[in-house]
Amino acid sequence: LKEENAILRSKINKLQILSETQADKMKKLEKKLEENKIKEEKEAQDLEAMVQHVEQNLQLMTKRAAKAESSAAKLRQENAQLQAELRNSRREKEALRAGQAGLAAARQNAEVALQRLLQVTTSSRASIRQLLSGAESLQLVADLLKSIDRISEV
């Protein structure tokens with residue numbers, strides 16, 4: 001009986017040690033779980049802040065793109081008007097050349113119209129480049145938002 005008691009006490013001691021070891025492991029795991037929860041919350045907050053920042057940038061880029069489109073439309077209209085002016089100037093130049101009256105004035109008018117047309121063309125090209133750059137930026141932001149959605153789903 002004493003021997004059996006000793007064996008049982010030994011088993012009880014081993015079980016107590018095992019229980020304490022498992023309790024320590026459980027405490028460590030609970031602590032690690034809490035740390036992970038805090039880390040995930042911070043990451044979620046950081047991600048939300050980044051999403052808000054991207055949304056603000058997207059709104060700003062959208063405004064810029066709308067402004068660039070409006071500017072490009074105005075420049076196209078001005079370009080069309082100047083081309084009409086240039087055609088009229090060329091007709092006038094031809095008429096003056098045929099009549100040989102006021103040839104110098106017609107050349108000067110045509111030259112002025114040509115210079116204005118070249119200026120508007122240069123300006124409209126720059127605006128169109130700007131518009132294309134804005135569109136590329138919007139595409140990049142859209143791709144970034146898609147990536148963020150995928151990350152948040154994971």
Side-chain angles (χ1 to χ4, degrees), residues 15-154:
L15 288 173
Q16 284 177 339
I17 291 171
L18 180 63
S19 175
E20 289 173 1
T21 304
Q22 287 179 346
D24 287 342
K25 284 182 182 179
M26 193 164 149
K27 286 179 184 177
K28 287 178 184 178
L29 289 173
E30 286 174 349
K31 184 179 179 183
K32 191 171 184 177
L33 178 64
E34 188 63 31
E35 289 173 356
N36 284 344
K37 283 181 181 179
I38 292 170
K39 184 179 176 182
E40 284 180 13
E41 287 175 8
K42 185 180 182 320
E43 288 175 354
Q45 289 172 351
D46 291 345
L47 186 61
E48 181 63 29
M50 185 174 71
V51 167
Q52 288 177 356
H53 183 69
V54 168
E55 286 174 350
Q56 289 172 351
N57 284 344
L58 180 61
Q59 289 174 352
L60 182 62
M61 286 183 203
T62 302
K63 287 179 184 177
R64 286 182 183 168
K67 188 176 180 181
E69 286 176 10
S70 172
S71 177
K74 287 178 185 177
L75 289 172
R76 282 189 208 107
Q77 184 179 9
E78 188 177 339
N79 191 7
Q81 288 173 348
L82 288 173
Q83 285 179 353
E85 222 177 276
L86 179 62
R87 284 191 297 270
N88 291 337
S89 295
R90 286 182 178 162
R91 283 188 213 123
E92 185 178 319
K93 181 179 174 182
E94 290 301 319
L96 289 174
R97 184 179 285 163
Q100 293 295 320
L103 183 59
R107 283 184 182 164
Q108 186 178 4
N109 287 342
E111 190 64 36
V112 168
L114 179 61
Q115 291 301 321
R116 285 187 63 196
L117 180 61
L118 290 174
Q119 288 172 350
V120 168
T121 303
T122 302
S123 174
S124 64
R125 283 182 182 156
S127 293
I128 290 170
R129 279 190 213 109
Q130 216 175 20
L131 179 62
L132 289 173
S133 174
E136 290 172 357
S137 296
L138 286 174
Q139 183 62 43
L140 178 66
V141 169
D143 291 342
L144 180 61
L145 286 174
K146 286 180 186 175
S147 296
I148 290 171
D149 283 342
R150 285 189 214 124
I151 289 171
S152 65
E153 287 176 6
V154 171

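The side-chain heavy atoms of Arg87 and Arg91, taken from C-beta on, include a pair separated by under 4.5 Å.
Note: Gln16 CD to Glu20 CD = 6.5 Å, rounded to the nearest 0.5 Å. Separating the CD atom in Gln52 from the CD atom in Glu55 is a distance of 7.0 Å, to the nearest 0.5 Å. Taken to the nearest 0.5 Å, the CG atom of Asn57 stands 10.5 Å off from the CG atom of Leu138. Rounding to the nearest 0.5 Å gives a distance of 13.5 Å between CG of Leu29 and CD of Glu34. In this structure, Thr62 OG1 and Gln59 CD are separated by 7.5 Å, a value rounded to the nearest 0.5 Å. Here the straight-line distance linking atom OG1 of Thr121 with atom CG of Leu75 works out to 10.0 Å at 0.5 Å rounding.
The two atoms that bring Ala110 and Leu86 nearest to each other are O-CD1, 4.4 Å, heavy atoms only.
Judged by distance alone, with hydrogens and angles left aside, the side-chain atoms of Thr122 form a donor-acceptor pair with the main-chain N or O of Leu118 at under 3.5 Å. The backbone N or O of Val120 lies less than 3.5 Å from a partner atom in the side chain of Ser124, making a donor-acceptor pair. Checking side-chain atoms of Ser133 against main-chain N and O of Arg129 turns up no donor-acceptor pair under 3.5 Å.
No hydrogens or angles considered: nothing links the side chains of Glu40 and Asn36 as a donor-acceptor pair under 3.5 Å. No donor-acceptor contact under 3.5 angstrom links the side chains of Glu41 and Gln45, judged on distance only.
Between Asp46 and Lys42, at least one side-chain nitrogen of the basic residue sits less than 4.0 Å from a carboxylate oxygen of the acidic one, meeting the salt-bridge criterion.
Residues forming a side chain to side chain contact (heavy atoms under 4.5 Å, CB included) with Gln22 (at least two apart in sequence, or on another chain): Leu18. Take Thr21 and apply the side chain to side chain contact (heavy atoms under 4.5 Å, CB included) test, not counting sequence neighbours, and it matches Ile17, Lys25.
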Counting only pairs under 3.5 Å, give me each side-chain donor-acceptor contact of residues 78-85, with atom names and distances, residues two or more places apart or in other chains.
none

(request) For side chain to side chain contact (heavy atoms under 4.5 Å, CB included), just list the numbers for Leu144 and Ile148, CA-CA rounded to whole Å, side-chain angles, deciding distance to a tenth of an Å, and then say yes or no. (result) CA-CA 6 Å; Leu144 180 61; Ile148 290 171; 4.1 Å; yes
